[in-house]
Amino acid sequence: MAVSKATVLNALATFKGLQDNANAAKYVAQESGKGLISSADQSKLDGIASGAQVNLIESVTVDGVTQSVNRKNVALDMSAYVKGTEIASNLRYKSILNSYGNLPVSGQKIGDMYKIKTAGGSDTNGVAIKAGDFVFWNGTGWDLLSGNVDLSGFVQAQDGKGLSTNDFTDELKSKLETLSDTTIETITEAEIQAMFE
C-alpha cells in the first residue's frame, strides 16, 4: 500500500516535535565560545568574589631570615618576639622564691620576674642580691630589678626645717637651752641713733 507524501511529512513532523521535547530536557543548545561546567565547579565559582585574583606566596622573610613556604602556608617562628598582648606589661610577675638559688634554669621567658625573700647570690652583673630584691630574666640571665633601699643615712623631711652645713653638737644644744629671753639685752632705737651723732 502506498503512503502519501503528506502522511510521511506529518509523521516526521510529529516525531521531530517529540524528539525536540525529549532533547530540551536533556541537552543545552550550543553557543559559540561557551562550554559546559559541573554543578560542583559552578558552586566553587559562585563562592569567589568579583575581581578576586589568584595569588601565590613565593617567599617570606622575617628579619632577613627566609621562612619555609608550603603552597599557601607560611611557617613563622615568632618565639623570639614579644607578643602584642605582652607589650603592655613587659615584666610578668611570677611569684616569691625563698632564695636566688630557687630561680628556674629552663623554660623562663624574657620579662619573667620573681621576688627573692632572703639575701644571697648575685645577678648576671655581679650585683649582690638582698632580701626583698626583684629579679627578671633578660634573655640570658637574671638581672636585679629593685629591692630594699638602705635609708639609714638620710633624715626624714619635716615642714619648716632644713639642713645646715654646720654640725650642731650636744654641747651647743645645751648652751642654747640655758639662754632665756632676759639674757639677751634689748638695744633701743635711741641708743642706735646716739651712735651716729
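The residues of the chain are indexed from 1 along the displayed sequence.
- Remark: the Ser43 side chain and the Asp46 side chain contain no N/O donor-acceptor pair separated by less than 3.5 Å.
- At least one donor-acceptor pair closer than 3.5 Å links the side chain of Gln108 to the backbone N or O of Ser106.
- Dense packing is recorded around CG of Leu45, with more than 12 heavy atoms of other residues, nucleotides or ligands lying under 6.0 Å away.
- From Asn23, atom CG reaches atom NZ of Lys16 across 9.0 Å, with rounding to the nearest 0.5 Å.
- Distance CH2/Trp142 to CG/Asp112: 5.5 Å, rounded to 0.5 Å.
- Distance alone, capped at 3.5 Å, places no donor-acceptor pair between the Tyr114 side chain and the Lys94 backbone.
- Note that OH of Tyr93 is 12.0 Å distant from CG of Leu145, once rounded to the nearest 0.5 Å.
- No more than 12 heavy atoms of other residues, nucleotides or ligands shown are found within 6.0 angstrom of CG on Asp170.
- Considering every non-hydrogen atom in both Ile110 and Arg92, the closest pair reads O-NH2, 2.6 Å.
- One N or O on the side chain of Asp123 and one on the backbone of Asn125 form a donor-acceptor pair closer than 3.5 Å.
- No more than 12 heavy-atom neighbours from other residues, nucleotides or ligands sit within 6.0 angstrom of CD on Glu171.
- Not one N or O on the side chain of Thr124 forms a donor-acceptor pair closer than 3.5 Å with the backbone of Asp143.
- Atom CG of residue Leu97 and atom NZ of residue Lys115 lie 11.5 Å apart, to the nearest 0.5 angstrom.
- Put simply, Ile37 and Ile48 are part of the same group of oily side chains (I, L, V, M, F, W, Y) that touch within less than 4.5 Å, one to the next.
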